[in-house]
2 protein chains.
Amino acid sequence: MKISGGVEWGLHCCVVLSGATEPVPAAKLAEFHDVSPSYLAKQLQLLSRAGLVRSAQGHSGGYVLTRSAAEITVLDVVEAIDGAESAFRCTEVRRRGPMAAPPERCTTPCPIARVMAAADHAWRESLRAVTIGDLTADVVGTTPPETLDRALAWLRA
Amino acid sequence: MKISGGVEWGLHCCVVLSGATEPVPAAKLAEFHDVSPSYLAKQLQLLSRAGLVRSAQGHSGGYVLTRSAAEITVLDVVEAIDGAESAFRCTEVRRRGPMAAPPERCTTPCPIARVMAAADHAWRESLRAVTIGDLTADVVGTTPPETLDRALAWLRA
DNA sequence: GACTTCCTACTCGGATACTGGCTGTCCGAGTTCTGAGGG
DNA sequence: CCCTCAGAACTCGGACAGCCAGTATCCGAGTAGGAAGTC
């Protein structure tokens, strides 16, 4: 099991966007994080489709958050990029083979699927409890103000 | 993000093994679940390497649980087959690019990595709370005794 | 000087190749049971 | 009747191809800003 690497990029981009006041182009975000511009563009498109960011075309265009960073959870970003379906998919093994369970016995989900679904739920709830605003506050609280100003100035330039 | 399909097979096999009294060959487990024998053998090898099952070779050999089903957690099986490392891997994006954080500022993990690690921990704890014995008890409690007997007899034959 | 027009440059968006890991398969090494043969 | 031994069948274990999702990339469509020209 491996989560898409684009999730990390998307989260970093959201944190950066939460501090910016003007639209930030994808190319600038890519250079800021030193990652592939083309591939990062794909992740930003996913964020755009999910309605987390809005894109502005043309000169001085770029990406902006559609709502306050405190209103965007980490889970929103993860699901936008990595998909919302559970990592575990029950293939209904119990209905196969010589001892296949009859359909009338399968009204409730397989116990295994239930356990995996519960774990998946716990994972998602944990991610839902944290917002991009929380992440930004953490970064702001542990970084010298002059460094933050330099970064914002670099983004503007 | 997608979990290996072998995890589901491994869990089903552990439940079956918890009810068997004699070693069960991989081929029989595969036929019981109607899955590829060769591929299931691979998953059973992983369980064997993790020390969850013990293999017996030769005539009337097969696999047996090494300890009581109540002593084997679902997490044990998942980690044996899917690996124990976290699904999220921090690539230390903050240390790259023109605004790279200096090493002395990276004594604590990146906030993003911390959030993902916490979610991963919640997921694992949820899986650790359930044992194979719990799963077996669920199956036994919701299946007619005669069906259970037929299944055990089929395994023996 | 102000307005209109056009043009350029910049932006995103979707369509297109490539790669690593999961999926699926195979054959060889080792062990246990069985049966025959001899004492 | 018991023991020994050889054979055969069955088991696991690791090594070998195939396929799909994720990775990485590119070029075209569309738009905002700016400069030039005109009134």
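An OP1 or OP2 oxygen of D:dT23 is reached within less than 4.0 angstrom by no side-chain nitrogen or oxygen of A:S36.
The list of salt bridge (Lys or Arg N to Asp or Glu O under 4.0 Å) pairs with a residue in residues 32-48 of chain B, not counting sequence neighbours, reads A:R96-B:D34. Listed by first then second residue, pairs satisfying salt bridge (Lys or Arg N to Asp or Glu O under 4.0 Å) with a partner in residues 138-157 of chain B read A:R114-B:D138, not counting sequence neighbours.
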When every nucleotide of nucleotides 11-23 of chain C is labelled 5' to 3' by its protein contacts under 4.0 Å (heavy atoms), B for base, S for sugar-phosphate only, - for none, what sequence of letters results? BBBBB-------S
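Across the protein-nucleic acid pair, A:K28 atom NZ and C:dC10 atom C1' stand 13 Å apart, rounded to whole Å. Remark: P of C:dG30 and CZ of B:R54 are 18 Å apart, rounded to the nearest angstrom.
Counting only N and O atoms by type, the side chains of A:T131 and A:E71 include no donor and acceptor under 3.5 Å apart. Of the N and O atoms on the side chains of A:T136 and A:S18, at least one donor lies less than 3.5 Å from an acceptor on the other residue.
Between A:V24 and A:L17, the closest side-chain pair of non-hydrogen atoms falls below 4.5 Å.
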